[in-house]
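As the structure is a computational prediction, the values presented were derived from the model and not from experiment. Numbered from 1 within each chain, the chains take letters A, B, ... in sequence-line order. Side-chain atoms are counted along with the backbone in the values below, which use heavy atoms only and exclude waters and symmetry mates.
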Amino acid sequence: MNKIVSKENLSDRVVKFEIEAPLIAKSRRAGHFIMLRVGDKGERVPYTIADSDSAKGTITLVIQRVGKSSEKVCQLEAGDYVTDLVGPLGNATHVDKIGTVLCAGGGVGIAPMLPIIEAMKKAGNRVITVIGGRSRDYIILEDEVSKYSDEVIIMTDDGSYGQQGLITLGIEDVIKREKVDLCVTIGPAIMMKFVAQLTKKYDVKTMASLNTIMVDGTGMCGACRVSVGGKTKFVCVDGPEFDAHQVDFDEMLMRLKAYN
Amino acid sequence: MTTQEYLKAERAQEWRLDIRKKIKNKDRMAFTRVEMPEVDPVVRSRNYEEVNLGLTADLAVAEAQRCLDCVDPTCITGCPVEINIPKFVKNIERGEFLEAARVLKETSALPAVCGRVCPQERQCESQCFYTVKLNKQAVAIGYLERFAADYEQQSGEMSVPDIAPSNGIKIAVVGSGPAGLAFAGDMVKFGYDVTVFEALHELGGVLRYGIPEFRLPNDVVDIEIDVLKKMGVKFITNIIVGKTISQEDLKEQGFKAIFIGSGAGLPNFMNIPGENLNGVMSCNEYLTRVNLMQASDPDSDTPVLMGKKVAVIGGGNTAMDAVRTARRLGAEKAMIVYRRSEEEMPARVEEVKHAKEEGIEFLNLHNPLQYEGNERGQVTRMELQRMELGEPDASGRRRPVAIEGDTRWIEVDEVIVSVGVSPNPLIPASFSGLEITKWGTIVVDDTMKSHENTIYAGGDIVRGGATVILAMGDGRKAAKSMHEKLLRAAD
Ligand SMILES: Cc1cc2nc3c(=O)[nH]c(=O)nc-3n(C[C@H](O)[C@H](O)[C@H](O)COP(=O)(O)OP(=O)(O)OC[C@H]3O[C@@H](n4cnc5c(N)ncnc54)[C@H](O)[C@@H]3O)c2cc1C
Ligand SMILES: Cc1cc2nc3c(=O)[nH]c(=O)nc-3n(C[C@H](O)[C@H](O)[C@H](O)COP(=O)(O)OP(=O)(O)OC[C@H]3O[C@@H](n4cnc5c(N)ncnc54)[C@H](O)[C@@H]3O)c2cc1C
Ligand code: SF4
Ligand code: SF4
Ligand code: FES
């Protein structure tokens with residue numbers, strides 16, 4: 001049982017939680033995720049660790065309501081308990097001084113991007129962040145993102161905030177303008193697919209953090225499998241980050257619909 | 001005293017003599033083996049109740065009377081933990097059921113479990129005098145073991161073993177499967193301060209997430225774990241050793257030694273076309289959804305696909321569990337697809353028998369080549385290769401060879417791949433000082449000690465997929481040798 005220390009609504013659909021998990025707060029690194037479960041009948045679902053405070057012994061999760069399980073979490077209040085929480089899972093992001101890193105986060109993918117932005121900046125990179133969403137409501141964590149980015153570009157589909165257009169438009173502008181050494185992308189699978197197509201065209205190395213269906217998150221079930229470079233990989237233990245140009249996004253999109 | 005001398009001395013006890021004299025051996029041999037009372041196949045293939053109902057006391061005593069209390073009890077050599085079989089069986093014969101259970105517990109940490117899931121026909125019962133010399137059906141050692149253990153569980157008089165005074169030495173156990181549980185039970189008896197770390201949110205390892213309730217009810221496992229808790233073993237769930245806490249953290253927290261029983265949880269796939277279609281999944285995924293996450297309960301949030309035409313690939317216990325589960329979840333056609341013949345099947349004979357009674361179809365000597373799906377990516381059919389048996393391979397089993405050109409397609413809407421598991425790579429990847437084989441198992445010496453002095457290991461992480469009783473035996477052996485080593489160090 002892990003206690004929720006604070007809850008903040010970032011938008012109608014997106015909630016930020018600080019949850020007690022001292023061991024995880026201590027050992028986690030950028031790119032790691034946890035699995036949690038609410039209630040005895042609840043399912044195990046994965047969420048990225050957006051931030052942590054090892055002094056307070058808490059981790060931060062940013063959760064978007066999309067269906068039954070995320071809704072169940074989002075209904076919890078400060079002081080409530082999460083039934084089970086386990087982590088940190090997955091491989092940490094490989095952080096190095098590379099040069100210019102373009103971070104492309106869409107929708108709730110902005111939250112898991114946050115620790116990567118911070119780590120990349122602290123490693124001495126120039127960090128350009130492009131965040132995108134359907135409308136102004138979907139743009140979350142702008143202040144936090146700005147703190148560690150040299151430049152932040154905001155894209156909305158409807159133009160209600162930042163520039164109008166898909167996230168790929170913002171990315172292409174940057175790539176055309178200056179040399180980008182690495183692109184990191186997190187967001188809906190369909191968005192990552194188009195980001196990968198674009199950066200491939202410009203031959204910019206790209207890492208995508210994949211959000212497949214999971215059950216255990218420890219390599220035990222294979223529900224999270226994806227094809228990368230023609231080989232089957234388990235996202236929870238081999239990932240969650242992979243070379244985006246090698247990922248079979250069409251297969252991933254298909255597998256995400258397994259239970260819909 | 002050697003084991004032989006001990007067995008002889010036990011056999012010479014007065015009550016044993018009396019019991020032997022009561023019925024002539026000729027008469028004992030004329031009795032026929034009991035039949036396990038079972039739930040009707042039609043009824044049970046629609047529910048999750050345990051299939052074997054267990055022997056009544058009368059049946060158990062009658063079966064125990066068949067045992068000849070042999071001078072040379074060869075049955076014991078067939079049991080990986082060398083349970084004193086005649087001693088417990090004769091206790092059943094004289095009606096001392098709790099005493100029988102106590103005898104079991106001298107050697108086995110989980111008799112109620114092993115009585116249910118051991119492949120007895122290949123272990124103890126295969127070496128019984130009846131099998132070896134009389135060419136008759138063996139004494140039903142497994143049924144009797146289950147009877148005595150259940151009797152104790154239900155009597156409400158579970159004996160909590162004597163515990164040595166606490167020595168304050170902290171020992172960590174990784175994983176709560178049979179290996180970890182057996183190890184923890186013995187170490188706590190020796191007086192150690194034992195903490196078991198489990199990655200999942202429930203305890204028991206494969207006993208919980210793998211083997212279904214119709215074969216091993218959760219209650220049976222819970223009762224055993226409760227006894228361990230009463231004995232003072234601490235259990236912490238949701239901790240992945242190597243991730244949540246490291247080898248160094250354990251050291252810092254004062255743990256003097258570690259036992260690794262992290263199992264073989266990694267599912268193998270066949271890497272054939274279409275295997276990533278929706279509806280094709282590993283046996284672990286399927287059984288975990290149903291057993292651990294209770295996905296078949298309408299109130300559970302975890303979904304599970306309930307196919308109508310389900311094919312399970314493989315011939316082991318895992319495959320039988322999956323196919324029988326599929327049947328219970330409403331499959332009209334539930335099939336085993338196995339590349340060898342029934343004779344080579346690694347599954348327990350009883351499971352195959354039960355599966356057949358429940359209407360499971362067996363496509364033996366068939367091997368999948370590929371899967372195809374519809375426009376939504378849902379599997380719809382599979383291509384099968386007909387096989388025949390060739391020369392024996394390294395394992396001594398005849399090797400399956402494809403019959404050139406003999407293939408066919410069959411319709412399926414769910415496929416469960418059950419072609420073996422590999423050791424869980426988490427510990428090997430995150431611990432230093434261990435020696436790992438190319439199969440990913442941890443190398444240990446004959447005391448179950450790894451390359452690193454304070455780390456012992458046992459069960460599937462060492463054997464790469466074996467049995468409950470072997471895992472349990474490893475745990476007990478590791479406890480014994482770790483205890484001796486720590487004692488020597490303390491001198
Ligand atoms: C590594 C990783 C990190 C993630 N990080 C975040 C994050 O930081 N914030 C965030 O909001 N979301 C994150 N997600 C996605 C999040 O896990 C899913 O949105 C959520 O589990 C969907 O569940 P649902 O019932 O609310 O949604 P629905 O869309 O209603 O899901 C329907 C069904 O599909 C299945 N399902 C769908 N996605 C998943 C999944 N990922 N795991 C298990 N089952 C699933 C479930 O069975 C579910 O009942 C992450 C996913 C992964 C794999
Ligand atoms: C479906 C199925 C049916 C079977 N049927 C039979 C049968 O009928 N008869 C029989 O004898 N055998 C059977 N077996 C095999 C038997 O269950 C195994 O050999 C046995 O369970 C191995 O025990 P173990 O303790 O080594 O590992 P496991 O039972 O696998 O337990 C390992 C535990 O360690 C945990 N763990 C792993 N890594 C970590 C970590 N880093 N930190 C914390 N915890 C960790 C896992 O979550 C798990 O709970 C079956 C197996 C399956 C899958
Ligand atoms: S533990 Fe298994 S092999 Fe040993 S006597 Fe019992 S059933 Fe037979
Ligand atoms: S070999 Fe068979 S008959 Fe002889 S003691 Fe063992 S169980 Fe009894
Ligand atoms: S979630 Fe089960 S293997 Fe990845």
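- Between A/T218 and B/I240, some side-chain heavy-atom pair lies under the 4.5 Å cut-off.
- Annotation: side chain of A/T232 is in contact with side chain of B/N276 (closest heavy-atom distance under 4.5 Å).
- Only the backbone of B/V304 comes within contact range of chain A, with heavy atoms under 4.5 Å apart.
- Counting non-hydrogen atoms of neighbouring residues, nucleotides and ligands closer than 6.0 angstrom, the NZ atom of B/K308 exceeds 12 such neighbours.
- Ranked by heavy-atom pairs shorter than 4.5 Å toward chain A, the options B/G377, B/P267, B/G265 are led by B/P267.
- The parts of A/R255 that come within reach of chain B are both its backbone and its side chain, each placing non-hydrogen atoms under 4.5 angstrom from that chain.
- The shortest non-hydrogen separation linking B/T288 to A/M220 is OG1-CE, 3.4 Å.
- With rounding to the nearest 0.5 angstrom, the CG atom of B/L426 is 8.5 Å from the CG atom of A/L89.
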Should A/K26 and B/D249 be marked as a salt bridge (Lys or Arg N to Asp or Glu O under 4.0 Å) after you check the CA-CA gap, both sets of side-chain angles, and the distance that decides it?
-> CA-CA 11 Å; A/K26 193 178 137 210; B/D249 292 337; 3.4 Å; yes
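- Among B/I239, B/V280, B/T237, the residue with the largest count of heavy-atom pairs under 4.5 Å with chain A is B/V280.
- Contact of the B/T302 side chain with the A/R44 side chain is not registered, since no non-hydrogen atoms from C-beta on lie closer than 4.5 Å.
- Considering CG of A/D40 and NE2 of B/H201, their distance stands at 8.5 Å, rounded to 0.5 Å.
- Considering only heavy atoms from C-beta on, B/D297 comes within 4.5 Å of A/K41 through its side chain.
- No part of B/Y286 comes within reach of chain A, as not one of its non-hydrogen atoms sits under 4.5 angstrom from that chain.
- Between chain A and the residues B/A429, B/P303, B/G263, the largest count of heavy-atom pairs under 4.5 Å involves B/P303.
- In this structure, A/R29 places its CZ atom where only 12 or fewer heavy-atom neighbours from other residues, nucleotides or ligands lie under 6.0 Å away.
- Closest approach of A/S69 to B/D301, counting heavy atoms only: OG-CB, 4.5 Å.
- Contacts with chain B were tallied for A/D248, A/L85, A/I24; A/L85 has the most, counting heavy-atom pairs under 4.5 Å.
- Interface remark: B/L200 contributes backbone and side-chain atoms alike to the contact with chain A (heavy atom separation under 4.5 Å).
- The local environment of NZ in A/K205 is sparse, with at most 12 non-hydrogen atoms from other residues, nucleotides or ligands closer than 6.0 Å.
- Between the side chain of B/S282 and the backbone N or O of A/G222, no donor-acceptor pair lies under 3.5 Å.
- B/R376 contributes no side-chain N or O that, together with a main-chain N or O of A/K257, makes up a donor-acceptor pair within less than 3.5 Å.
- Rounded to the nearest 0.5 Å, atoms SG (A/C221) and CZ (B/R289) are 7.0 Å apart.
- With B/N238 contributing its side chain and A/D84 its backbone, the two residues share no donor-acceptor pair below 3.5 Å.
- Dense packing is recorded around CD of A/Q197, with more than 12 heavy atoms of other residues, nucleotides or ligands lying under 6.0 Å away.
- Contacts of A/L253 with chain B are absent, with no heavy-atom separation under 4.5 Å from either backbone or side chain.
- Annotation: maximal heavy-atom pairing with chain B below 4.5 Å, among A/K231, A/R37, A/R28, A/M35, occurs at A/R37.
- Remark: the backbone N or O of A/S27 is not paired with any side-chain donor or acceptor of B/K243 at under 3.5 angstrom.
- Looking at B/I245, only its side chain comes within 4.5 Å of chain A, counting heavy atoms on both sides.
- With a 4.5 Å cut-off on non-hydrogen atoms, B/E275 touches chain A through its backbone but not through its side chain.
- The main-chain N or O of A/M254 is found under 3.5 Å from a side-chain atom of B/N278 such that the two form a donor-acceptor pair.
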